[in-house]
Amino acid sequence: MPPIPDTIYFFGTCLVDLMYPQAGVSAMQLIQRAGVKVIFPPAQTCCGQPAWNSGYRDEARSVARAQIALFPKPIPIVIPSGSCAGMMKVHYPELFAGQPDEAQAVDVASRVYELTEFLVDVLHIELQDLGEPVTVAVHTSCSARREMGVADKIESLLGQLSNVQRVEHARKPECCGFGGTFAVKEPEISAAMVLDKVTHIRHAQPDRLISQECGCLLNISGTMEKQGDAIPHQHIAEFLWERTSMASTSLSQRTDRSLSEVEGNTTEGTP
Amino acid sequence: MTSTFRTTVRTNLAKPEVRANFYRAMDGLMTRRLDQFPDKAELERLRTQSMAIRANALSKLPELLETLEANLTRNGIQVHWAETTDQANQIVLSILQKHNAKSIIKGKSMVSEEMGLNHFLEALGIEALESDLGEFIIQLDHEAPSHIIMPAIHKNRIQIAKLFHEKFPDIPYTEDVDELTQMARRILRDKFYATTVGLSGVNFMVAETGTLCLVENEGNGRMSTTAPSVHIAVTGIEKVVESLSDVPPLLSILTRSATGQPITTYFNMISGPRKPGEKDGPEEVHLVLLDNGRSNIYSDPELLATLRCIRCGACINHCPVYVRIGGHSYGTVYPGPIGSILEPQKAGLDVHGELAQASTLCGACSEVCPVRIPIPSILNRLRYDGVRRDTANTNTVGSGKRRTLSEAATWKTWAWAATHPTIYHAGSSLATHFKGMLPTNLGAWTTVRSAPKLAESTLHQQVKNLGVDHE
Ligand code: SF4
């Protein structure tokens with residue numbers, strides 16, 4: 001069992017950066033609340049996955065190389081996405097095989113954790129549900145499920161929340177049809193896949209849709225919205241933070257140390 | 001430019017009945033497979049064992065093929081080698097000519113599909129009759145198989161009933177599956193005895209003993225290998241295993257992965273022609289071993305895993321792309337995930353390289369593959385081979401042929417921006433700042449989805465207020 005580290009690196013991912021920053025913020029707050037310091041290297045951009053999956057390995061490698069340089073300390077790298085975590089953990093070693101900086105790539109890969117995996121397996125986080133009763137449907141990304149093998153972590157986190165009831169939908173393990181550039185390159189197939197996914201989720205009638213992957217959320221929620229009758233959706237980090245801090249509505253209920261930590265966390269020199 | 005693949009995909013997506021047939025059938029197959037593996041640990045052990053058996057065989061392929069040939073010959077089976085499908089067809093033809101045969105009856109064989117054998121023979125006035133029920137059905141309708149195990153899976157019972165009625169108007173219309181099966185059986189039985197040459201595929205070839213193993217459910221395979229006086233087996237060179245003890249684990253995982261059956265109805269082991277005093281069996285047995293690009297695949301250590309395939313079809317049954325577009329959309333003999341890695345390698349990336357793109361890389365295929373073929377990794381490698389510049393470093397046919405100037409330039413620009421954080425972040429904050437001005441129509445993306453909404457400010461901007469170390 002890995003020991004709880006003092007400090008971690010956080011890699012935000014490009015989708016979180018642009019579309020779901022709150023997911024990144026919440027993820028960092030959850031980690032800080034557990035007493036762990038967070039370093040967010042500001043020069044981070046993208047893990048390189050889009051180019052890697054499109055066959056442009058040289059381009060993927062140059063982008064990946066720039067990221068690798070941002071994580072020199074021997075501490076965990078936490079990523080709020082199964083697919084970006086999968087890129088760094090599984091594919092960096094493949095991408096850098098035989099390259100002069102292979103060792104650094106392998107070292108970075110060995111320190112990568114998908115967020116829910118980190119919260120459960122490393123932080124052993126204990127959650128206290130402060131929210132109203134709610135039903136949620138979970139969509140686990142294929143990368144989290146198959147590449148990283150961490151699909152059960154999101155379930156076990158939600159299982160800790162006493163007022164959250166999970167509802168199941170048909171063909172849950174099936175891909176939503178996002179697949180990065182696939183949605184653009186094969187729009188018809190992707191559309192057929194996401195429309196079925198939306199139908200299955202709607203049948204389960206959840207109050208909210210939760211995932212650990214912003215790409216899938218973007219795809220599923222965008223479709224729900226266009227078809228009308230969108231179900232509110234959230235990244236798991238944002239949902240967990242909201243349920244356990246209720247920062248906006250009931251600050252007085254908070255008994256943990258999170259607020260002071262988040263605000264009082266000192267900064268240190270550039271890594 | 002819209003390719004044939006994209007056009008077919010579009011046509012097939014617009015057929016709700018076909019989609020429903022696939023969706024229903026695949027759900028059933030996935031459940032049946034799962035029911036066969038109540039013990040997850042046992043499944044994983046069996047997968048590891050099966051992978052090892054196949055990997056071992058491939059690691060000594062040339063040597064095993066030599067042993068196989070020697071033992072088959074000793075057993076009285078005539079072995080023929082074909083580098084191309086053309087050569088394979090000619091070999092079959094010369095055997096038919098030797099026996100003055102004007103027709104053959106076939107068991108199920110994907111390699112004969114690969115050879116286009118039926119068309120080849122029909123052009124010469126020789127009838128090739130499919131005896132597998134599924135193959136029989138699609139042959140009646142002049143179609144190609146849409147699945148490697150269940151060739152007529154795209155049709156439902158009522159469609160089949162109508163087809164039978166149309167082709168055999170003398171027989172009363174029925175939608176009863178058993179009656180339909182019996183009807184086909186009766187028609188085919190007569191043919192078995194009237195035909196001198198039977199042809200089949202092979203599931204495993206055992207080098208050690210010179211044995212051909214054939215897995216089947218309907219009994220027609222058994223008929224086509226015993227009733228006619230000449231039996232021709234056609235298969236790919238990769239189907240060899242080292243010893244007899246390799247067969248039981250592979251057979252067990254094959255049937256359970258494929259149709260969710262604990263074991264098949266028939267398992268034929270062919271070890272030679274009829275011997276003096278024996279009551280049945282063909283007087284002559286031939287084996288045609290087809291290469292058709294396989295030795296090229298064999299020469300690449302990363303792509304070699306493709307040849308581990310035991311053609312169970314589990315990857316196809318679990319593929320979310322296949323289930324929606326159906327087997328015919330691929331325009332190839334092998335559809336689905338295995339087709340998407342095998343066909344571009346056989347025919348070249350310039351011909352079928354597009355299939356490697358038609359995947360979300362979700363990994364459902366490799367999750368179920370009984371011999372653990374890393375299909376998504378091979379897809380990724382083929383995508384790379386398709387657009388790489390250093391084509392001298394790979395054997396893959398058609399390498400570099402999919403590289404276009406505009407796409408290459410896009411990725412180059414992307415890589416430049418993503419390695420210059422200042423520019424990258426200036427771009428993203430500019431985008432979020434002026435998000436109201438971004439287009440809401442993004443072509444393909446927005447046909448079923450609304451345009452993605454940018455946040456008010458980026459994570460990079462927000463981090464500054466969070467008290468994390470960001471300088
Ligand atoms: S690739 Fe694997 S799952 Fe697919 S047909 Fe071959 S053995 Fe079966």
Side-chain angles (χ1 to χ4, degrees), chain A residues 10 12 16-22 24-25 28-29 32 37-40 42-46 50-57 59 62-63 66 142 146-147 174-175 177-179 182-189 191-195 218-219 222-223 225-227 262-265 267-268 270, chain B residues 6 9-10 13 19 320-321 324-325 357-364 366-367 377 380 382-388 402 407-408 411-412 414-415 417-419 421 424-425 428 431-432 443-455 457-463 466-471:
Chain A
F10 192 80
V16 169
D17 187 37
L18 278 169
M19 313 275 179
Y20 295 92
Q22 201 49 47
V25 168
M28 287 188 261
Q29 284 174 320
Q32 287 179 325
K37 210 153 75 177
V38 176
I39 304 174
F40 182 90
Q44 60 179 272
T45 56
C46 169
W52 162 255
N53 280 348
S54 301
Y56 286 82
R57 292 195 179 176
E59 287 77 1
S62 71
V63 173
C142 300
R146 306 201 177 92
E147 201 161 70
E174 190 174 270
C175 179
F178 178 59
F182 174 81
V184 181
K185 286 201 163 171
E186 298 294 346
E188 291 94 355
I189 310 175
M193 291 168 75
V194 70
L195 286 170
L218 196 70
N219 186 34
T223 307
E225 201 180 278
K226 178 109 174 188
Q227 314 298 315
V262 171
E263 288 169 350
N265 201 336
T267 54
E268 57 170 32
T270 310
Chain B
R6 291 288 296 285
V9 162
R10 231 170 258 172
L13 278 172
R19 271 180 68 185
V321 170
R324 292 189 172 79
I325 66 176
Q357 304 289 343
S359 164
T360 63
L361 307 178
C362 77
S366 51
E367 187 178 34
S377 308
N380 184 290
L382 294 174
R383 290 179 184 187
Y384 170 48
D385 281 348
V387 299
R388 66 196 281 168
R402 305 198 72 81
E407 199 185 58
W411 287 115
K412 227 176 152 177
W414 168 86
T419 45
Y424 186 86
H425 296 132
S428 51
T432 51
W445 175 267
T446 43
T447 45
V448 297
R449 308 164 186 87
S450 51
K453 278 182 235 18
L454 293 177
S457 57
T458 65
L459 178 63
H460 275 86
Q461 291 165 331
Q462 294 192 30
V463 151
L466 200 64
V468 301
D469 179 4
H470 62 279
E471 297 305 332

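Letters A, B, ... are given to chains in the order of the sequence lines, protein chains preceding strands, and every chain is numbered from 1.
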Item checked: B:Arg19 versus chain A, the contacting section by heavy-atom distance below 4.5 Å -> side chain

Margin query: Which heavy atom of B:Trp414 sits nearest to which heavy atom of A:Ala51, and what is that distance?
Written below: CZ3-CB, 3.4 Å

Note to self: Return the OH to CZ distance between B:Tyr384 and A:Arg57, rounded to the nearest 0.5 Å.
What the structure shows: 6.0 Å

Next item on the list: Sort A:Leu195 into side chain, backbone, both or neither according to what part of it lies under 4.5 angstrom from a heavy atom of chain B.
Entry: side chain

Note to self: Taking side chain as everything from C-beta outward and backbone as N, CA, C, O, which of these in B:Ser359 sits under 4.5 Å from a heavy atom of chain A? Side chain, backbone, both or neither.
What the structure shows: backbone

Margin query: Distance check, rounded to the nearest 0.5 Å: A:Gln44 atom CD versus B:Tyr424 atom OH?
Written below: 9.5 Å

Next item on the list: Pick one of side chain, backbone, both or neither for B:Glu407, based on which atoms fall under 4.5 Å of a heavy atom in chain A.
Entry: both

Check: What distance separates A:Ile189 CD1 from B:Leu13 CG, expressed to the nearest 0.5 Å?
Finding: 6.5 Å

Note to self: Working to the nearest 0.5 angstrom, can you tell me the gap between B:Glu367 CD and A:Glu147 CD?
What the structure shows: 12.5 Å

Item checked: Closest contact, heavy atoms only, A:Ala66 versus B:Thr419 -> CB-CG2, 4.1 Å

Next item on the list: Select one option (side chain, backbone, both, neither) describing which atoms of A:Glu174 are under 4.5 Å from chain B's heavy atoms.
Entry: side chain

Margin query: If you count heavy-atom pairs within less than 4.5 Å of chain A, which of B:Ala455, B:Ser450, B:Pro421 leads?
Written below: B:Ser450

Item checked: Top of A:Val16, A:Val63, A:Val184 for chain B proximity - count of heavy-atom pairs under 4.5 angstrom -> A:Val63

Notebook entry, point to check: So how far is it from A:Ser54 OG to B:Arg402 CZ, rounded to the nearest 0.5 Å?
Noted result: 12.5 Å

Margin query: For B:Arg383 versus A:Asn53, what's the shortest heavy-atom pair and its separation?
Written below: NH1-O, 2.8 Å

Notebook entry, point to check: If you measure from CD1 on B:Ile325 to CE on A:Met193, what distance do you get to the nearest 0.5 Å?
Noted result: 10.0 Å

Notebook entry, point to check: Is the shortest distance from a Lys or Arg side-chain nitrogen in B:Arg324 or A:Glu186 to a carboxylate oxygen in the other one below 4.0 Å?
Noted result: no

Next item on the list: Heavy atoms only: give me the nearest A:Ala191-B:Arg449 pair and the separation to one decimal.
Entry: N-NH2, 4.2 Å

